Amino acid sequence: MTLNKQDLEQMVQKWPLLADMKAGHEVTWLNDQKSKQESSHWPITLKDMKEADERLKRFAPFLAHVFPETKAAGGIIESPLIDISGMKAFLEQLHGQTIDGRLLLKADHLLPVAGSVKARGGMYEVLKLAESLAIEHGFLSLTDDYRKLDSPSMREFFSRYSLSVGSTGNLGLSIGMTGAALGFQTTVHMSADAKEWKKNRLRARGVNVVEYADDYSRAVKEGRKLSEQTADSFFVDDEQSKELFTGYSTSALRLEQQFKEQGIQIDEQHPLIVYIPCGVGGAPGGIFAGLKRVFGDHVYGFFAEPIEAPCMLIGLMTGLHDEVSVQDIGLGGRTEADGLAVGRPSSFVGKAVEPHLDGIFTVTDEKLFAYLYTLFTFEGEKLEPSALAGMEGPIRAVKSGWMASALTEQQRAGAVHLVWSTGGSLVPQAEMNAMLERGEKLSGTI
Ligand SMILES: *Cc1c(COP(=O)(O)O)cnc(C)c1O
């Protein structure tokens, strides 16, 4: 569907927020469709999550073997949970606004192998595929030591299959690294936003990188089409995949454990409020679904998008999901937040989160860089621009009036604000330095 001028005028009349978005302003949208009923129709159950976690545990010895950086953690791909009270104080001062409760960072930028949240969904989907192919052909049983998959004969077996994906960069990194480690013939279709270093890193691993001058939807479409024409070929479909979604959701089980270890209570009087950057929706959707399954009504969620690519916000607010794009409302979709440079959301994810999400807010690229610099200054963490989209979340939750209306005073005092950091540790040093410099200049202007 493409909107004509009249459709668009009607839409803007019905949803005045669209006018602000069209004009390039930041917005905070609160979901008034949120229903009180509990999450019975999530696409995943707690059982699915536990099975996925078991599968990841079966693969841990293999991962520790082929990716030395995962050895210390025994091949479990996980990230730390960090208190960022220095950043909290900075945000409060900058915005002249107290944030009740505490502020934590889920540091997925430190996830090994892929250096981003995509290590969760992407690696999971490839590992699951490898497991089922190997079992189906009699090379593996569930009780085996999975290190046996790292052999010339197994790599020869996997090389009969091709694996492909469309990506703005990070999903390609995750699928490419894992696919190549197993021996799959792996092709990554990269959109124009993908950073050069991500492509180079993949090529160095023998992954076939196809570049498009166009946006992400095109890279996915072409990749999907080529895969359909190829025998023994699998396409990781970021817009539709339940496996990716499930892989992301396992983070909630791990987080539950980390809260316990750090003595952090999540309950009625200590609600958890998460702020997650959103591209096509798979990562934030899967994480939020997992958290809802684990913490139920005690978790609240906001997604964050760049002002140029608020695809999930438009899709959810209008209920049109993937039938509307950011281009339809006159936005270019171009942003330095390459992981979020998506013009059309996943309808699978949009429909799943619709009755549960509390809101979505947008941020300028300038702020992403300014926060990149200040987070490094106050907490020593280096993130890529996409990963900072959620940083202003607690401020927005307060300033929009959401905190005051959704939570009691006691709940506000006990609130745990969790900003999800989605990528950055693999950014080459020179690029990181350039981004820090840019952020430093902008930090006085936001
Ligand atoms: C992919 C990505 C996201 C968002 O994930 P989606 O599944 O596209 O919504 C956020 N941050 C970073 C760094 C990413 O790479």
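In this text, all values refer to a predicted model and were calculated from it rather than measured experimentally.
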Tell me if a side-chain donor or acceptor on Ser227 pairs with a main-chain N or O of Gly223 at a distance below 3.5 Å. no
Pairwise side-chain contact, Ile77 with Leu56, heavy-atom cut-off 4.5 Å (strictly under): no
Check whether any side-chain heavy atom of Val274 lies under 4.5 Å from a side-chain heavy atom of Tyr300, and answer yes or no. no
Glu379 to Asp83 - nearest heavy-atom pair and separation: OE1-O, 3.8 Å
Any donor-acceptor pair under 3.5 Å linking the side-chain atoms of Thr422 with those of Ser116? no
Does this structure show an ion pair linking Lys106 with Glu78, if we count only N-O contacts that are shorter than 4.0 Å? yes
Closest contact, heavy atoms only, Pro61 versus Asp145: CB-OD1, 3.9 Å
Heavy-atom side-chain contact between Thr45 and Lys50 under 4.5 Å: no
Consider only side-chain N and O atoms of Glu392 and Tyr275, and report whether a donor and an acceptor are under 3.5 Å apart. no
Going from CG on Leu182 to CG on Leu163, what distance comes out if it is rounded to the nearest 0.5 angstrom? 9.0 Å
Arg438 to Phe369, cation-pi by 6.0 Å centre distance and 45° axis angle: yes
Rounded at 0.5 Å granularity, tell me how far CG in Leu340 sits from SG in Cys278. 7.5 Å
Taking Phe90 as the fixed residue, which of Phe376, Tyr373, Phe378 is the one that meets the ring pair (Phe, Tyr, Trp, His ring centres under 6.0 Å) rule? Phe378
Working note: Met87 + Tyr371, criterion side chain to side chain contact (heavy atoms under 4.5 Å, CB included); need CA distance, chi angles, decisive distance, verdict. CA-CA 9 Å; Met87 187 67 189; Tyr371 290 144; 3.8 Å; yes
Cut-off 3.5 Å, side chains only: do Ser421 and His109 have a donor facing an acceptor? yes
Indicate the ring-plane relationship of Phe302 and Trp402, choosing parallel, tilted or perpendicular according to the 30° and 60° boundaries. perpendicular
Can we say Arg254 and Asp53 salt-bridge, meaning some charged N sits less than 4.0 Å from an Asp/Glu carboxylate O? yes
Does Lys34 form a salt bridge (charged side-chain N to carboxylate O under 4.0 Å, His left out) with Asp358? I'd like the steps, not just the answer. CA-CA 7 Å; Lys34 189 180 168 180; Asp358 294 90; 2.7 Å; yes
Indicate yes or no: at least one non-hydrogen side-chain atom of Trp197 is less than 4.5 angstrom from one of Leu426. yes
Quick check on Glu211: does its CD atom have over 12 non-hydrogen neighbours (other residues, nucleotides or ligands) under 6.0 Å away? yes
Could you grab the distance from atom CG of Leu372 to atom CG of Leu383, nearest 0.5 Å is fine? 6.5 Å
With under 30° as parallel and over 60° as perpendicular, where do the rings of Phe59 and Phe62 fit, or are they tilted in between? perpendicular
Can any side-chain N or O of His417 pair as donor or acceptor with the backbone N or O of Asp100 at less than 3.5 Å? yes
Please give me the minimum heavy-atom distance between Glu268 and Gln411, naming the atom from each residue. O-NE2, 3.0 Å
Start with the C-alpha distance between Leu103 and Leu91, add both sets of side-chain angles, then the distance that settles side chain to side chain contact (heavy atoms under 4.5 Å, CB included), and finish with yes or no. CA-CA 11 Å; Leu103 181 61; Leu91 285 170; 4.1 Å; yes
Salt-bridge contact Lys47-Glu51 (side-chain N to carboxylate O under 4.0 Å): yes
Describe, in one word, how the ring planes of Phe303 and Phe288 are oriented to each other, choosing from parallel (under 30°), tilted (30 to 60°) and perpendicular (over 60°). perpendicular
From Lys260 NZ over to Leu255 CG, what is the distance, rounded to the nearest 0.5 angstrom? 11.0 Å
Cationic N near anionic O, under 4.0 Å, Asp232 to Arg160: no
Could you tell me if the side chain of Ile99 sits less than 4.5 Å from the side chain of Ile395, heavy atoms only? yes
Taking the side chain from Asn31 and the backbone from Glu354, do they hold a donor-acceptor pair closer than 3.5 Å? yes
Quick one: do Arg334 and Glu308 make a salt bridge, cutoff under 4.0 Å? no
Pair Asp150 + Arg155, salt bridge at N-O below 4.0 Å: yes
Among side-chain atoms of Ser346 and Gln240, is any donor-acceptor pair under 3.5 angstrom? no
Looking only at side chains, do Arg396 and Thr28 share a donor and an acceptor under 3.5 Å apart? yes
Can you tell me if Asn433 and Gln429 form a side-chain donor-acceptor pair at under 3.5 Å? yes
Backbone N/O of Asp338 and side chain of Lys195: donor-acceptor pair under 3.5 Å: no
On a heavy-atom basis, the closest approach of Thr168 and Gly339 is OG1-CA, 3.7 Å
CA sep, side-chain torsions, deciding dist, call: Val416, Ile273, side chain to side chain contact (heavy atoms under 4.5 Å, CB included): CA-CA 6 Å; Val416 177; Ile273 312 160; over 6 Å; no
Check this for me, if you would: do Glu54 and Lys128 make a salt bridge, where the nitrogen-to-carboxylate-oxygen distance has to be below 4.0 angstrom? no
Where do Phe245 and Gly282 come nearest, in terms of heavy atoms and distance? CD1-O, 4.0 Å
Using atom types as modelled and distance alone, determine if a side-chain donor or acceptor of Ser241 lies under 3.5 Å from a backbone N or O of Leu244. yes
Charged N-O contact under 4.0 Å between Glu366 and Lys441: no
Take Arg293 and Glu256 through the salt bridge (charged side-chain N to carboxylate O under 4.0 Å, His left out) test and state the conclusion after the steps. CA-CA 11 Å; Arg293 283 298 192 202; Glu256 185 185 29; over 6 Å; no
Heavy-atom donor-acceptor pair, Gln185 side chain to Ser162 backbone, under 3.5 Å: no
Between Gln97 and Glu92, is there a side-chain heavy-atom distance shorter than 4.5 Å? no
Are the side chain of Asp108 and the backbone N or O of Leu111 linked by a donor-acceptor pair below 3.5 Å? no
Rounded to the nearest 0.5 Å, how far apart are CZ of Arg55 and OG1 of Thr250? 11.5 Å
For Phe295 and Phe259, take the angle between the two ring planes, folded into 0 to 90°, and tell me which bin it lands in: parallel under 30, tilted 30 to 60, perpendicular over 60. perpendicular
Are Tyr216 and Tyr212 close enough that their ring centres sit under 6.0 Å apart? no
Taking the side chain as C-beta and beyond, is there a heavy-atom pair between Thr186 and Val165 under 4.5 Å? no
Intermediate values then yes/no, side chain to side chain contact (heavy atoms under 4.5 Å, CB included), Val220 and Glu239: CA-CA 9 Å; Val220 171; Glu239 291 170 348; 4.1 Å; yes
Can Glu26 and Lys367 be counted as an ion pair, charged N to O under 4.0 angstrom? yes
Value for CG (Leu173) from CE (Met190), rounded to nearest 0.5 Å, stands at 6.0 Å
Note, Val363 side chain near Ile307 side chain (heavy atom, < 4.5 Å): no
Which atom of Arg120 lies closest to which atom of Ser79, heavy atoms considered: NH2-OG, 3.7 Å
